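Working notes, beginning with the structure itself.
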Amino acid sequence: MPLTNEHVRDALRTVKDPDLHKDLVTLNMVKDVRVDGEDVTIHIELTTPACPLKDKIRDDIVQAVRSKGEELTEPVGEITVEFSADVRSPNQRTKDNGNPLPDVKHVIAVGAGKGGVGKSTIAVALAVGLAKFGARTGLLDGDIYGPSLTTMLGLDDIQAKTRGNTLLPFEVHGIKAMTIGKLVPPDKPLIWRGPMAHGAFKQLATQTDWGELDYLIVDLPPGTGDVPLTLTQLLPLTGAVVVCTPQKVARDDARRAVKMFQQLGVEMLGIVENMSYFVGDDGKTYDIFGRGGAEMLAQEMGLPFLGAVPIHMELRANCDDGQPLKNWQVNEELAEELDRLCKNLASQISIATMSGKFVQPTLSIR
Ligand code: ADP
């Protein structure tokens, strides 16, 4: 009997998404199967365009369909696997239901135990990197005490625009961004009492016209202050990422940041080790801060480790110049590390989505 559409679907029932541990048919990832003589074309819809497991899924599909052919003693010709992606939302809540951003599928907080560890640098890299893979991505500068996105995204010469009470995001480097740095004079000290900090953050988050987004990355202020609390009260968070440098003092602070998110009931999507190591002009690798420290912390706390970013002079220079996309052009190793970070985060987001563990906000906005 020649191979039929149903035979191919049967074969796909034996292929599991390696992250989500369910088969492709159950996960509703098989969008189309076409059998044309001996040739088979399969369309798979991934849960993120930044899927790190595309090649593995393709190989497993080819193997499963060939095995099916052998079982039926039918020849199988060319097997083509086409991919598309649709980021799934964990969030079924509508605006009437108290969600101020119902068109944003995932809100991801990026925090750190202390300042200067590269939290904003990593938040920018994650946002721009996910957009490079094709995801619709926004970046909110939630660091209302020390906003750095004006510089890091090169917004100095761009005028902020509003429509009525709505802030229009800056559309740069493939993402939509908003920062308080563009709404107040640059030399004005940003001193917020608790309720004011809450109000400022709420306004930035909910009055910006984000449109439809797959991912909204929120760069939080360092430490464990008011803003993370406001964020969890206000928006349905998919989870949080903590950025940490490898040395012990940084790890101790990062541990506190992780515990804060956990206490707020926020899923920890992973830890990033920034300034992990340095490769000199001599080609030698120097473990300035003790490479692997943050990875150890992740292991110790049972959290995913998303990746390690080296100290790189170009990374600093591109941040200062507001040219984040250049980080993918100057150095292959750096580009690979940044891509890995984005893919690992996207995969943890998909895993969290399927697990259905989400903290619901306690503050309703109508
Ligand atoms: P935070 O948000 O944690 O305060 P930033 O992201 O503002 O930290 O980074 C602080 C400084 O360190 C910035 O000048 C940034 O360009 C630089 N920096 C961050 N990560 C790296 C890195 N991996 N290599 C080189 N410079 C870095």
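Both ligands and their constituent atoms are indexed starting at 1 by order of listing. Worth saying up front: this structure is predicted, and the values here are computed from it rather than measured.
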What part of N274, side chain from CB on, backbone N/CA/C/O, both or neither, has a heavy atom under 4.0 Å from ligand 1?
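Answer for N274: side chain.
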For K119, the ligand 1 atoms whose distance to one of its heavy atoms is below 4.0 Å
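Counting from 1, the qualifying ligand atoms are 1 (P), 2 (O), 3 (O), 6 (O), 8 (O).
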Check whether any side-chain heavy atom of [X] sits under 4.5 Å from a side-chain heavy atom of [Y], and report yes or no.
X    : Y    : answer
V242 : F261 : yes
W328 : V128 : yes
E74  : H7   : no

Does ligand 1 come near enough to [X] that some N or O of the ligand is less than 3.5 Å from an N or O of the residue?
X    : value
C319 : no
K114 : no
D320 : no
T121 : yes
L315 : no
G116 : yes
P310 : yes

Protein heavy atom under 4.0 Å of atom 19 (C) of ligand 1
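Within 4.0 Å of atom 19 (C) of ligand 1, protein heavy atoms are found.
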Under 4.0 Å and counting heavy atoms only, is there anything from the protein next to atom 22 (C) of ligand 1?
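Under 4.0 Å from atom 22 (C) of ligand 1, at least one protein heavy atom found.
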Do the charged groups of [X] and [Y] touch, with an N to O distance under 4.0 Å?
X    : Y    : result
D86  : K105 : yes
R136 : E212 : yes
R34  : E82  : yes
R256 : D252 : no

Yes or no: does M152 have any heavy atom under 4.0 Å from an atom of ligand 1?
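True for this residue.
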Nearest neighbour in protein (non-hydrogen) for [atom]:
atom                    : value
atom 8 (O) of ligand 1  : G118 N, 3.0 Å
atom 24 (N) of ligand 1 : H312 N, 2.9 Å
atom 2 (O) of ligand 1  : S120 N, 2.8 Å
atom 14 (O) of ligand 1 : R316 CG, 4.0 Å
atom 12 (O) of ligand 1 : M275 CE, 3.9 Å

If I compare all heavy atoms of R88 with all of N28, which pair ends up nearest, and what's the gap?
NH2-O, 3.6 Å
Locate the shortest heavy-atom distance separating E273 from A294; write the atom from each residue and the value.
OE1-N, 2.7 Å
Going by side chain to side chain contact (heavy atoms under 4.5 Å, CB included), Y215 matches just one of L139, I175, T48. Which one?
T48
Criterion side chain to side chain contact (heavy atoms under 4.5 Å, CB included) against I271, the qualifying member of V243, V241, L306, L303:
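The passing option is L303.
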